[in-house]
Amino acid sequence: MEIKFIPIEYDYFDWQGRNYARIIGRDDNGKRVLVIDSFEPFLYAILKPNLTEKQIEKLKEKIEKIEIKSSSRTTKIEKIKVEEKNFLSKRVKALKIYITNYKDAHQVADKLDLPEIQARRGYDLSFHTKYIIERALVPLSWYKIDGEILNNSEEFGGIDSAYDVDICIKAENIEKIEKNIDFKPKIIAFDIETEEFDIGKGEILMISLAGENFKKVLTWKKCSESPDFVECFKDEEEMLEAFIENVKKLEPDILVGYFSDGFDLPYLRARAEKHKIKLNIGLDNSQPVFARGRVPKGSVSGIVHIDIFRFIETVYSQYLQSETLGLNEVATELLGEGKKEFEFKHSSKIKQHEWPEFFQYNLQDSILTYKLAEKFWPDMQEFCKILQEPLFEITRDSMSQHVENYLIHNLEKYNEIVEKRPIHDEIGERMAREKYEGAFVFQPKPGLHENLAMFDFTSMYGSVIVTYNLSKATLTEDKKDSYEVQLQKQKAHFSKKPGFFPLMLKEIIEKRKQLKQKYKTDPSPINKARSNAYKLLANASYGYLGFFGARYYCVEAAAAAAALSRKSIHETIDMINKEGYEVIYSDTDSIAFLMKNNSKKQTLEFLKSINSKLPGIMELELEDFYKRGIWVSKRASESGAKKKYALIDEKGKMKIRGFETVRRDWCTLARELQSKVLELILKEGNERAALELVKKTIKELKERKVTREQIMIRTQLKKPISEYKSITPHVIAAQKMRELGLPVNIGMLIEYFIAETRESKKLVREKVKLPDEKGEYNLKYYLEHQIIPAVENILEVFQINIKEISDGSRQKKLFS
DNA sequence: GTACACTACATACC
DNA sequence: ACTGGTATGTAGTGTAC
């Protein structure tokens, strides 16, 4: 029997002491398929050089005797092959040691601590990673699977009847289908509303579900006269059972939630436990399982549970404007649609007519979550294909893990044996290391400029790593045929023979470039997602080199990448200045300069000539031309502030960096005022109008016409309240919230304002009030600590001293 | 009692 | 613990005088 199959979810099981991969997916008719497959698990023992044939034979004999016994199985050495491999780009002889059960690989490795063996590798990859590499069954790609159909079979203890699938097949032959078959997974989003915030503490009031042409709210609360999507149940227990039933009936490939790893799924599990019922939504009737982690990872057997918040957080948050990653803000930005309004209160206080509103609210959360999952589907799909890891992993892995997965799944092309994960002590040492010197930032002069241009290097660090062949494997003591880099104390050398890490990165950068071009002519979501995935990988590769948890960690390479980038940007700055321009700012990989008497055409020609001289794959591009730009001084001194500037292009679009306008921990009043001031100055060159606006705002502030919303300050709580050594205003606000029984969680944005106080309280934190507290805003604070600081340095560029104007001799004239 | 240096903390840039 | 370093700026804290 042969079927067409797309793998979605991976797991494995043991049968008679051996491992079997168990993959859930669909066939080309949309039938749910369970594939059972196996491979011969193995690990490598890298031999010390110059062992004789005889010594190797003796060693093999010794190894063959290894046995790992446990209550359920015995792992033996199945066979041993001698192979010529590469390890960190060096030619090595290695024993490929096949074992009965991969779970015992670690223990086998422990027993291989022998004098003839230089290193043991390839035993610390997860089962599914090893399986995907060996059988080349990449997630979300199509395959032809030849095999035996199991139907009420005794094989594997009757596994086919244990799983709720349409087809169960034991794979014999797997072949990739190159032609793309359209595939759309069945996605169901879910969301719960509860009485309490702590997991399992209160009752679940309702559960919503949403999919394509599907919406439902399950509840046991007041639901007479409710919309037709509401289904009522006797109690919480019955509602939970209905949830299970719905999931089973809907047969989703994907169950998606928003922060559901940390809230919805564990909550459901906890309440089910409380009622002593099984939340058996798995295809094998198993309950969700939670893997340890900073946030637990909730998995459902046979269905991919995705917490779309996690994927958005690690992969896309850097591109979002949203100041928090809450569902409302993220959905509003990405979908143009937010959450429904509903004022939370204890269910006993919700009036009869308010319940339908609450149901709508609950449903809307699932609808938004569903739409987000749909929107990010191309991205998730491309991540799976490029990184060759399952959906569950790619939606939860960190950027460093993504980089590493790309490396691991592409090592075979280089005949490389995988490096091991650092052990505890190594991680400690790496974390304790000194920082190396990073990027160069140009010291700007405060001032307003006209006619500017900005160049920047494309994927600068990545290009440098490729151009100078920087990596752990290419780091060498050999000074011949190598690139020499001066680091802080010593010199480092990197072989000129291309290593696998720079070669893979080169491919990533090239693919990104091609896809970016392709996207211009064919702007499909798939092309965008693919292009973006490569861009993210290219950007994260440099950081990976210096990350303590990396298998291919190499500070020398990271430090060299930074050093060579500094060299490159300095040389480019010099070239630009020599050509008759004036460089006024630069940060890491970008250079802003004044056009002087040069035309745009000349500038583009000049750019071409720079590019012809740049080494390797280094490439400089035009970021844009700008009509005006402003740099300001630091608060504490006369010198120009780095990482803080505002530009306006010829279409009138502003680019604001570093200013309070873009900082979420400043109040809206100050941020909006500053933004308008910058706009008046950049758009119209009218600093007088800007000054008038500032005066007007100060006047309104003094007349207490400013709304509460405008003066709220938001600061993130980054750790538990008790761990703060320094009790800052937001910590006080968080304390107040906790006393009121409001939820206070790590990562939350704490909102407060600074109020007038009767006594002469000195510290800011003594004047902190929560949004709902009574009180007037503290005039002095908002004037001196918000408004004035936000505009002071900008107006100073025009020799306007707003502080003097505000409280100086003209005070009367101004505020009378 | 206050000025000042230093530390803790949050957030941004690239 | 879950990519790197560079930088600004506020508020609290400790100490000298």
Side-chain angles (χ1 to χ4, degrees), chain A residues 292-295 297 310 313-314 318 323 396-404 421-422 424 427-428 430-431 433-444 456-457 459-461 465 536-550 552-555 557-559 561-563 565-566 569 585-591 623 632-637 639-645 655-666 713-719 723-732 749-750 754 762-768 781 784-786 789-790 792-793:
Chain A
R292 296 194 289 141
R294 197 168 46 92
V295 179
K297 301 174 182 181
R310 296 187 83 158
E313 184 188 33
T314 49
Q318 55 169 321
E323 285 173 13
R396 287 173 177 81
D397 284 344
S398 63
M399 275 319 295
S400 66
Q401 192 61 57
H402 288 320
V403 172
E404 199 154 278
R421 218 184 280 135
H424 183 267
I427 291 178
R430 292 175 181 188
M431 286 173 88
R433 76 160 163 82
E434 267 178 48
K435 277 192 177 183
Y436 59 84
E437 188 181 345
F440 165 70
V441 188
F442 191 99
Q443 175 63 63
D456 61 20
F457 282 94
S459 303
M460 191 189 212
Y461 282 84
I465 290 167
L536 287 164
L537 282 176
N539 286 344
S541 295
Y542 156 73
Y544 173 84
L545 288 175
F547 166 52
F548 57 75
Y552 294 99
Y553 172 85
C554 183
V555 229
S565 296
R566 288 195 302 271
I569 202 100
Y585 188 62
S586 165
D587 186 346
T588 313
D589 59 356
S590 69
I591 304 169
E623 205 262 339
V632 302
S633 67
K634 279 192 280 192
R635 190 91 73 223
S637 72
S639 67
K642 296 173 177 183
K643 299 189 184 285
K644 218 174 173 185
Y645 60 90
K655 178 174 172 166
I656 301 176
R657 294 289 120 104
F659 275 111
E660 286 74 4
T661 299
V662 299
R663 293 183 61 97
R664 67 173 180 191
D665 57 350
W666 281 68
I713 297 167
R714 280 167 285 269
T715 312
Q716 192 180 30
L717 191 74
K718 302 193 101 160
K719 52 189 177 189
E723 279 177 30
Y724 278 88
K725 288 182 195 163
S726 183
I727 309 303
T728 49
H730 81 293
V731 177
I732 293 293
L749 273 194
I750 306 294
I754 305 305
K762 245 169 102 191
L763 294 172
V764 177
R765 65 168 176 228
E766 291 167 325
K767 303 171 199 159
V768 165
Y781 177 84
E784 290 173 11
H785 293 261
Q786 293 280 331
E792 191 176 19
N793 296 335

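To find a chain, count down the sequence lines: A is the first, B the second, and so on, and within it residues start at 1.
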Can you figure out which of [options] approaches the side chain of [X] most closely?
X: A:Tyr436; options: C:dG4, C:dG12, B:dC13; answer: C:dG4
X: A:Lys643; options: C:dT3, C:dG5, B:dA10; answer: C:dG5
X: A:Phe548; options: C:dA11, C:dG4, B:dA10; answer: C:dG4
X: A:Pro789; options: C:dG9, B:dC14, C:dT10; answer: C:dT10
X: A:Trp666; options: C:dA7, B:dA8, C:dG9; answer: C:dG9
X: A:Arg433; options: C:dT3, C:dG9, C:dG5; answer: C:dG5
X: A:Arg657; options: C:dG12, B:dC14, B:dC9; answer: B:dC14
X: A:Asn793; options: C:dG9, C:dT6, C:dC2; answer: C:dG9
X: A:Leu749; options: C:dG9, B:dC14, B:dT11; answer: B:dT11
X: A:His785; options: C:dG9, C:dA11, B:dT11; answer: C:dA11

May I have the distance from [X] (atom [atom1]) to [N] (atom [atom2]), rounded to whole angstrom?
X: A:Leu763; N: C:dG14; atom1: CG; atom2: P; value: 12 Å
X: A:Ile427; N: C:dT3; atom1: CD1; atom2: P; value: 13 Å
X: A:Arg294; N: C:dC2; atom1: CZ; atom2: P; value: 7 Å
X: A:Asp587; N: C:dA7; atom1: CG; atom2: P; value: 8 Å
X: A:Gln716; N: B:dA12; atom1: CD; atom2: P; value: 10 Å
X: A:Arg664; N: C:dT10; atom1: CZ; atom2: C1'; value: 16 Å
X: A:Arg566; N: C:dG4; atom1: CZ; atom2: C1'; value: 13 Å

Does a side-chain N or O from [X] land closer than 4.0 Å to OP1 or OP2 of [N], or not?
X: A:Arg430; N: C:dC2; result: no
X: A:Ser726; N: B:dA8; result: no
X: A:Lys719; N: B:dC9; result: yes
X: A:Tyr724; N: B:dA10; result: yes
X: A:Tyr781; N: C:dA11; result: yes
X: A:Tyr585; N: B:dC14; result: no
X: A:His730; N: B:dA10; result: yes

Mind checking [X] for me? I need base, sugar-phosphate or nothing, with any heavy atom below 4.0 Å counting as a touch.
X: A:Lys634; value: sugar-phosphate
X: A:Gly438; value: sugar-phosphate
X: A:Leu545; value: nothing
X: A:Ala558; value: nothing
X: A:Gly549; value: nothing

### Query
Shortest non-hydrogen contact from A:Tyr724 to A:His730?
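Smallest heavy-atom distance, with atoms named: OH-NE2, 3.5 Å.
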
### Message
Within a 6.0 Å radius of atom NZ on A:Lys725, are there more than 12 heavy atoms belonging to other residues, nucleotides or ligands?
### Response
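Result for NZ/A:Lys725: open.
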
### Residue A:Arg433 excluded, over 12 heavy atoms near CZ under 6.0 Å
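Yes, because the 6.0 Å sphere around CZ of A:Arg433 holds more than 12 heavy atoms from other groups.
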
### Message
Ring-plane angle category for A:Tyr781 and A:His785, please: parallel below 30°, perpendicular beyond 60°, tilted otherwise.
### Response
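Ring orientation, 0 to 90° scale: parallel.
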
